[in-house]
Every structure is written in C-alpha cells, then in structure tokens.
Amino acid sequence: MKTYNYSDLTKQDIARLVQRNVDPANEIRTIVEEVISNVQQHGDRALYDYANRFDKVTLDKLYLNKHELEEIAATVLPEQKAALDIAYQNIYRFHESQLKAEDKVETMPGVTCWRELRPIEKVGLYIPGGSAVLPSTFLMLGIPAKIAGCHELIVCSPPQKNGKVNAFIAYVALMLGIDRIFLAGGAQAIAAMAYGTESITKVDKIFGPGNQFVTKAKTIIQSTTTTAIDMPAGPSEVLVIADDTANARFIAADLLAQAEHGIDSQAVLVCTSQEIAAAASEEVEKQLAVLPRAEIARQAIDNSYIVVTPSLGEAMSFSNQYAPEHLILATEKWQEITGSIINAGSVFLGNLTPESAGDYASGTNHTLPTSSYAKAYSGVSVDSFVKKITFQHITADGLQNIGPAVQTLAELEGLHAHANAVGVRYNPS
Ligand SMILES: NC(=O)c1ccc[n+]([C@@H]2O[C@H](COP(=O)([O-])OP(=O)(O)OC[C@H]3O[C@@H](n4cnc5c(N)ncnc54)[C@H](O)[C@@H]3O)[C@@H](O)[C@H]2O)c1
Ligand SMILES: N[C@H](CO)Cc1c[nH]c[nH+]1
Ligand SMILES: [Zn+2]
C-alpha cells in the first residue's frame with residue numbers, strides 16, 4: 001500500500017488525502033438526475049425499465065408478497081437462521097435501550113416544558129443488493145423502525161438475476177413482520193420512495209446505505225422533495241489507528257473486510273510504528289491472494305494508503321480530519337486515546353474487536369455516515385425513526401411569571417401582536 005510520512009505532509013496534502021468519493025465532473029449527479037426525473041414522470045414504468053437496464057432482469061411485477069417471500073425463505077438453513085437470530089436479538093437489545101422517556105422540566109414556577117417521541121409514520125428502507133446482497137442491513141434498519149413504532153415500512157432492494165430477492169432477505173422480512181418487498185435498486189428506488197409511484201408509497205424519510213448512485217440520489221431528493229434522509233451512507237470505509245502493540249495480521253484482515261465491499265471503498269492505516277505498517281502492508285498482499293472477492297478488494301486497496309505518524313496524538317488528529325465511518329483503535333493503549341476522538345461513525349476498541357462484529361451482530365448499527373459526514377451526522381439509531389415534539393403548559397401563576405419577559409422581548413422586536421397574545425390572557429374575562 002502507498003505509504004506517507006505524516007511529518008512530510010503539508011496541510012494541503014492532508015486535505016487531499018482525506019477527500020473521498022467526490023464527483024468533480026458531476027458524472028454521477030448527471031446520471032442520477034436523469035433517473036430521478038424519469039421516475040418522477042413515468043413512475044412504475046421507469047422502475048421496470050431500469051431493472052432491465054441496470055439489473056439486467058425483466059420483471060413481470062414490481063414486488064414480492066408474503067407468500068412468495070415464504071417460498072423463497074424456505075431454503076435458509078438452521079445454522080443460518082440461528083446466526084440471524086443472534087444478530088436480531090443483540091441489535092434489538094442495544095436499540096431498545098435507546099428509547100427513553102424524558103423528564104418534564106419546570107423552567108419557572110407554573111411553566112412546564114417537555115418532549116415526547118412520535119414515530120415517523122412512513123419510512124422507506126433501502127437494502128443494498130448490487131455487488132453483495134446485505135440482509136444484515138435489513139436487520140439494521142428494520143429493527144429500530146419496529147422499535148420506534150413506524151406505521152408503514154416500504155422496503156426496496158435490487159432484483160437479483162432471477163427477478164427475486166435472495167433467501168436471506170426474504171427470511172429477514174418475515175422475521176421483521178414485513179410482507180412486501182419492492183424489486184427496485186439504485187437511484188430509481190430512492191426516487192420512487194421520495195416521489196411515490198403507482199405501486200410505491202411516497203415516504204416521509206428514507207434510510208439505508210448504498211453505492212454512489214444511491215447516496216447521490218438521497219442527497220438530491222433531500223433538497224428537492226419533502227422526504228428526509230437518514231444521512232449520506234455511501235461506500236464503506238475504515239481507518240485503523242495502530243501502534244507497536246498491534247497485530248499486523250489483524251490490521252490487514254480489518255482493512256480487507258471493508259475493501260471487499262466495493263471498488264470505491266477505502267481502508268486507511270495510520271500507524272506510529274514503521275515495522276507494523278510494513279508488516280500490515282505485506283499481510284494485505286498475502287491475504288488478498290486468497291480472498292474470493294480479490295478483484296474488488298484489490299481496487300479498493302489501490303485507492304487506500306498508510307500514514308506513519310510520530311505519535312498516537314498525530315494519528316488521532318489525522319483520523320479526526322478524515323472522520324471515518326469505522327475507526328479501529330488497534331492498540332493496547334486504547335483507553336488513553338478514546339477521549340480525543342472527535343469524528344467517527346462507530347469505534348472498535350483494542351486488538352480483539354473486529355469491525356465485522358459491528359457489521360453483523362454485536363448490537364450497534366452498521367448504517368453509518370461516510371465521506372467525512374461523520375463530522376456532523378450520527379449513524380442510524382431508534383432516534384432516526386422518531387420525531388421529538390416539544391410540549392409546554394403554563395398555569396395562571398406561570399403566566400404572571402413569564403408574561404412580562406415575553407411582552408418586553410416582543411416589543412423590542414417590534415412584534416406587538418406577540419405581546420398582545422400574552423396581555424389578553426392576564427384578564428381572561
Ligand atoms: N455506509 C454504510 O453504512 C454502508 C453499509 C453497508 C453497505 N455500504 C455500501 O453500500 C454499497 C452497496 O453498493 P452496491 O453497488 O453493492 O449495491 P446498491 O444496492 O447500493 O446499488 C445497486 C444498484 O445500483 C444501480 N447502478 C449500478 N450501476 C449503475 C450505473 N452505472 N448507473 C446507474 N445506476 C447504477 C443499479 O440500479 C443497482 O440496482 C457499497 O459501496 C457498500 O460499501 C455502506
Ligand atoms: N461494513 C458495512 C458498512 O460500511 C456493513 C456491512 C454489511 N455487511 C457487511 N458489512
Ligand atoms: Zn462490512
């Protein structure tokens with residue numbers, strides 16, 4: 001892997017290194033805008049056409065119903081069901097703990113404010129299915145949506161070559177009590193859920209990761225429709241911070257785990273030890289040679305790099321500028337540095353915590369911000385599926401307490417009707 005010495009890097013070099021998946025010539029935007037416009041104009045017809053064009057499949061209908069999902073799911077083996085059950089339980093447990101009622105606050109005597117949760121009514125879940133089909137993503141989105149109590153779940157996933165979804169997607173649908181999956185992928189699925197078509201309901205918010213087409217579509221519809229999105233969750237990425245207490249074999253395995261997602265994935269090692277950096281780079285080649293998805297991972301690794309830093313402090317500073325989707329602290333000293341993490345989607349601590357555990361089954365959500373959006377966005381959680389509505393109640397005494405301040409503030413803004421709405425209440429008769 002290409003290796004840089006941190007001390008030789010200028011500010012501009014670092015700014016260039018931390019940039020990823022930009023679309024400078026607007027090539028992806030142009031394609032995606034055309035797809036969105038076609039779905040907006042032609043609805044279901046466009047979805048059939050794009051299934052033909054991008055997924056190379058002729059569909060005779062746009063969705064699978066419960067009976068069809070049951071038939072497809074019948075081939076899932078008992079040990080596969082057991083693993084999905086473990087993932088389900090752990091994800092459920094961790095996400096359920098996020099649903100907490102907040103206390104009411106009396107800000108002044110007689111003036112009480114509080115927030116209550118309400119589920120977002122109609123949510124759209126996008127389950128990727130291009131380079132790899134990801135039933136784990138279905139669990140990561142479906143479980144918090146169910147816990148939040150969302151009323152309507154629209155699920156889209158690209159059709160496979162047989163015009164169906166795979167057995168694991170069908171099985172997870174049944175686990176979640178979802179009895180319809182729409183066979184639509186890419187930007188067209190996002191457009192369908194944002195605008196609605198004859199078959200697909202327009203939703204209030206779209207969730208889920210995807211490739212650059214999916215991610216661009218989400219960011220476009222966010223500003224052109226009333227449908228919100230969870231976050232830009234694009235091509236997978238990992239940044240490993242390591243020192244001389246790390247294990248080069250483990251580092252290489254973690255880098256390749258994200259590299260195998262897609263050719264535009266990125267795996268970065270920031271290391272305080274020249275020796276571990278060199279050994280990890282060698283290990284990547286060794287492990288790549290026997291990886292089934294080597295062709296994909298090779299391209300991602302060619303698009304990745306190593307930075308050697310003088311200390312863990314500089315390593316963390318680089319990582320905070322990169323703002324990785326996944327941050328691994330491959331050091332026995334992880335407890336000393338977690339406090340200096342500013343930007344990261346999800347963090348994996350110590351040498352025995354593989355990032356794959358979070359991808360599948362430990363309980364945390366794997367739908368996470370990429371391309372440095374971890375500077376401002378959190379990963380998916382139950383919070384993503386609810387609105388927090390504020391309430392307040394003012395008693396007669398409370399009105400005497402707060403009223404004068406409100407009237408003064410209204411007058412100083414020149415908004416007399418605001419002041420009057422308080423004044424008329426002093427004397428209700
Ligand atoms: N950030 C996260 O939380 C997270 C989680 C899981 C997966 N991921 C990422 O999700 C991505 C999944 O990507 P994927 O491709 O495997 O599946 P995908 O479902 O996102 O995309 C497949 C669809 O892309 C469309 N498409 C493909 N080529 C196209 C083209 N040339 N023009 C227009 N549309 C085209 C097709 O419609 C196809 O159905 C990976 O990059 C993976 O790393 C990210
Ligand atoms: N690493 C992905 C998030 O970037 C999630 C995933 C799903 N399956 C395997 N991995
Ligand atoms: Zn993964």
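Just follow the structure's listing: the first ligand is 1, and inside any ligand the first atom is 1.
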Contact atoms of ligand 1, heavy-atom distance to V214 under 4.0 Å: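 In order of numbering, the contacting atoms are 20 (O).
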Does [X] have a non-hydrogen atom less than 4.0 Å from ligand 1?
X: G129; value: yes
X: Q188; value: yes
X: Y50; value: no

Does a donor on one side chain and an acceptor on the other come within less than 3.5 Å for [X] and [Y]?
X: N38; Y: Y50; value: yes
X: S37; Y: E34; value: no
X: T272; Y: D243; value: no
X: Q258; Y: D359; value: yes
X: T137; Y: H366; value: yes
X: T245; Y: K333; value: no
X: K61; Y: S199; value: no
X: N320; Y: S317; value: no

Minimum distance, heavy atoms only, to [atom]: which one of [options] is it?
atom: atom 9 (C) of ligand 1; options: P232, G262, G234, P128; result: G234
atom: atom 5 (C) of ligand 1; options: A374, G345, P209; result: P209
atom: atom 11 (C) of ligand 1; options: A187, S236, S157, G210; result: G210

Which protein non-hydrogen atom lies closest to [atom], naming both residue and atom, and how far is it?
atom: atom 25 (C) of ligand 1; result: G186 CA, 3.9 Å
atom: atom 2 (C) of ligand 2; result: H261 NE2, 3.3 Å
atom: atom 3 (O) of ligand 1; result: L368 N, 2.8 Å
atom: atom 7 (C) of ligand 1; result: L134 CD1, 3.6 Å
atom: atom 39 (O) of ligand 1; result: D55 OD1, 2.6 Å
atom: atom 9 (C) of ligand 2; result: Y360 OH, 3.2 Å
atom: atom 27 (C) of ligand 1; result: N211 ND2, 4.1 Å
atom: atom 19 (O) of ligand 1; result: Y126 OH, 2.6 Å
atom: atom 2 (C) of ligand 1; result: E325 OE2, 3.2 Å
atom: atom 29 (C) of ligand 1; result: F213 CE1, 3.5 Å

Between the main-chain N or O of [Y] and the side-chain N or O of [X], is there a donor-acceptor pair closer than 3.5 Å?
X: K286; Y: S281; value: no
X: D23; Y: R29; value: yes
X: K218; Y: G208; value: yes

Geometric class of the W114/F391 ring pair [parallel <30°, tilted 30-60°, perpendicular >60°]: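 If you compare the ring of F391 with that of W114, the planes turn out parallel.
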Whether Y377 and Y373 hold their rings parallel, tilted or perpendicular, with breakpoints at 30° and 60°: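 The arrangement is perpendicular - the two ring planes meet at more than 60°.
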Atom of D359 nearest the Zn ion (ligand 3) (restricted to N/O/S, atom name only):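 So the atom name we want here is OD2.
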Would you mind listing which atoms of ligand 2 come within a distance below 4.0 Å of any non-hydrogen atom of [X]?
X: S136; value: 7 (C), 8 (N)
X: E325; value: 3 (C), 4 (O)
X: L134; value: 8 (N)

Passing candidate, side chain to side chain contact (heavy atoms under 4.5 Å, CB included) with Q212, options V32, I28, I31: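 When side chain to side chain contact (heavy atoms under 4.5 Å, CB included) is applied between Q212 and each of V32, I28, I31, only I28 qualifies.
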Spacing of CG belonging to D264 relative to CZ belonging to R20, to within rounding of 0.5 Å: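 So the gap between those two atoms works out to 12.5 Å.
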Is there a nitrogen or oxygen of [X] sitting under 3.5 Å from a nitrogen or oxygen of ligand 1?
X: G130; result: yes
X: S131; result: yes
X: T137; result: no

Contact check: T137 vs ligand 2, nitrogen or oxygen atoms, below 3.5 angstrom: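 Between T137 and ligand 2, no N or O pair is found under 3.5 Å apart.
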Metal site the Zn ion (ligand 3): N/O/S of H366 inside 2.8 Å: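 Checking H366: none of its N, O or S atoms is under 2.8 Å.
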4.0 Å heavy-atom contact, H326 with ligand 2: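 A heavy atom of H326 does come that close to ligand 2.
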F207 ring center near F385 ring center (under 6.0 Å):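 Ring-ring flag for F207/F385: true, centres closer than 6.0 Å.
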From CA spacing to verdict: side-chain hydrogen bond (donor to acceptor under 3.5 Å, both in side chains), K205, S384: CA-CA 9 Å; K205 187 168 179 181; S384 320; 5.2 Å; no
Part of E237 within contact of ligand 2 (heavy atoms, under 4.0 Å):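 Near ligand 2, E237 shows nothing, with every heavy atom at 4.0 Å or more.
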Per-residue contact class, A132 against ligand 1 - non-hydrogen pairs under 4.0 Å: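 Near ligand 1, A132 shows its backbone, while the atoms from C-beta on stay back.
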